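All values below were derived from every heavy atom in this structure, side-chain atoms included, with hydrogens, water molecules and symmetry-related copies excluded. All figures in this text were calculated on a predicted structure; none of them were measured in a lab.
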Amino acid sequence: MTAEKPRVRFAPSPTGDLHVGNARTALFNYLFARHHGGEFILRVEDTDSVRTSTDSERRILEDLAWLAIDWDEGPGRGGAKGPYHQRERLDLYSHYLKILIQAGCVYPCYCTEKELEAERAELIFRKMMPRYMGKCRNLNDSERKNLADQGREPAYRFRIGTESIAFTDLIRGAMKFDAGAIGDFIIVRSNGIPAYNFAVVVDDYLMSISHVIRGEDHLSNTALQLLIYRALGFKPPVFAHHALILGKDRSKLSKRHGSVTVREFRERGILPEVLLNYLALLGSSLGGGREVCALEEMITSFSLDRAGKSGAIFDEDKLKWLNGIYIRQGDLHSLTERLLPFIRAAGYHKVDTLDRVWLERVIDAVRGDLSTLSDIGDQMDIFFDDRYVLSGEAQRLLGKEQALTVVRALQEGLEHPPLSADNSYRRIIEIVKRKTGVTGKNLFMPIRAVVTGRIRGPELDKVFAILSPASLKHRVETAISGLSGINR
RNA sequence: GUCCCCAUCGUCUAGUGGCCUAGGACACGGGCCUUUCACGCCUGUAACCGGGGUUCGACUCCCCGUGGGGACACCA
């Protein structure tokens, strides 16, 4: 590791929403930078003219901000090594392309995409590794002129030798590749836009990136990039390739596995700090057996040594479990604040007119049953008469003879003169118990069922304290008339 | 197909030659608490891929096999 402060980067391409795998890469880079007091740079790799969209870029930046991953240099923040969009760095790439051409490391290739595709198909058919066979590798000047005269715009390919490429990966150790197995690859497309491997090398070098931390899927790209570093005479950064996030079938996590973008989890009501916490936990260990871990602690304890070498399956159960912990342990005011959009989405359009103190009591009562913020609507329903409904389970439970007796006693108990909200619950339970002689589960479950319409939910004393006496009475009455009808 | 990477409970992992009768977490089962479901607490089931070495001693080191994954675009 270098003695100076490290400079790392996260370089998304704005071709869709931020994938959790990429978010994890961003987090690793961020944690690495913060842990070592270095700099974290954000660079937008927008060289794919057809798939890139400014909307995607906006959304990725939003997602990063939502996760509280902030960058020291990059879009919206500036910096000495900009610009931070590859599209604005085209002259830089053409400068280094010229150098490579002059050095004879690169040659123009006039093959059309159709021709290349045919070659690839042929190789695959013959069960060989699909790679460029070097058709334009040794063209002379007149041949080139000929092709150019046909109106063909050349792409530029890097001339691969037979040397072997070795480097030390910070996570994986000694790594060795054989250049012979690789075909000459394109570094600048026929439209003049650089290809990934070339742009990355130029940018990482010019931006003084000291450590490249990225997914294992880039391992073989590293060999190509190292070749370019060598040809340009650049000192390469230190590389670290972490394992990927896998789906249930152990293949790279992708759309068909379900939710995969940061935005999807956000919309499903996963807390940003939980997603971060989980991503840090996945495929690594926070050390000391810690699982629930705030960002500050992650920064302190972060180490690439702990990054796992094998892929880790994304476990939504554990994510939800972690989310539930944060929901239960967090501050009630901020929880309420974050819940508001989800309450609105559940159809409570007038949530802002609700009494905030009352709302917070409701949230406090149900937070124990929430695993995601989007569960709130369903859990809140029991406190609103127009949403109250006897579930099938509750009806079944109330269908029992003894249950009906309890409910009738409850009805009588509610007839007693208004009591203070604080002790009404205990008094009513006392009355019902005395009248029926029923105790325990047989006493509480019927009461829970009529009052909430469900067989599970918040603690009953809280429910009684929140619900108005009128609602209570109304629910019991309608339940009784309904049930008696069924029984007869 | 070729190259590369990886390999501990179902899942995420601890374990860096003796502390391992392999520890923790999620999930699952049981119990306790709450005169209720849940929460919480306690507890159970469950793993070192196989074969060779190296060593007094291998989950840990080496080799082979097997299995899984990744890469192989004028995408990044």
RNA chain B: 5'-proximal contact among Asp249(A) and Glu430(A) (nearest heavy atom) | Glu430(A)

Ranking Glu291(A) and Thr439(A) by the position along RNA chain B of their nearest nucleotide, the one closer to 5' is Glu291(A)

Tell me, with the steps shown, if Phe314(A) and His257(A) meet ring pair (Phe, Tyr, Trp, His ring centres under 6.0 Å).
-> CA-CA 10 Å; Phe314(A) 195 88; His257(A) 296 293; over 10 Å; no

Considering only side-chain heavy atoms of Asp48(A), which listed nucleotide, U11(B), A76(B), C4(B), is closest?
-> A76(B)

Report yes if a side-chain nitrogen or oxygen of [X] is closer than 4.0 Å to either non-bridging phosphate oxygen (OP1 or OP2) of [N]; otherwise report no.
X	N	result
Arg120(A)	C74(B)	yes
Lys248(A)	G10(B)	no
Ser251(A)	G68(B)	no
Arg250(A)	C6(B)	no
Arg448(A)	A38(B)	no

For [N], the Watson-Crick or wobble counterpart (both distances under 3.5 Å):
N	answer
A7(B)	U66(B)
A22(B)	none
G1(B)	C72(B)
A58(B)	none
C39(B)	none

Which of these, Leu42(A), Thr25(A), Asp63(A), sits in a side-chain contact (heavy atoms from CB on, under 4.5 Å) with Pro12(A)?
-> Leu42(A)

With a 3.5 Å cut-off and just heavy-atom distances, do the side chain of Lys318(A) and the base of A27(B) make a donor-acceptor pair?
-> no

Kindly say whether, by distance alone, the side chain of Asn221(A) makes a donor-acceptor pair under 3.5 Å with the base of A76(B)?
-> yes

Test ring pair (Phe, Tyr, Trp, His ring centres under 6.0 Å) on Tyr96(A) and Phe234(A) and set out the steps.
-> CA-CA 11 Å; Tyr96(A) 288 103; Phe234(A) 292 167; 5.4 Å; yes

For nucleotides [N] and [M], find the distance between their [atom1] atoms and express it as a whole number of Å.
N	M	atom1	value
A14(B)	U55(B)	P	30 Å
G50(B)	U11(B)	C1'	23 Å
C59(B)	G67(B)	P	24 Å
G53(B)	U43(B)	P	42 Å

Taking the six-membered ring for Trp and the full ring for Phe, Tyr or His, determine whether the centres of His211(A) and Phe28(A) are under 6.0 Å apart.
-> no

How long is the line joining CG of Leu322(A) and C1' of C39(B), in whole Å?
-> 16 Å

Going by an N to O cut-off under 4.0 Å, is there a salt bridge joining Glu45(A) and Arg89(A)?
-> no

Salt bridge flag under 4.0 Å for residues Lys435(A) and Glu412(A) | yes

Indicate, with a heavy-atom threshold strictly under 4.0 Å, whether His218(A) touches base, sugar-phosphate, or nothing.
-> base

Please work out if Leu116(A) contacts a base, only the sugar-phosphate, or nothing of the nucleic acid, heavy-atom cut-off 4.0 Å.
-> base

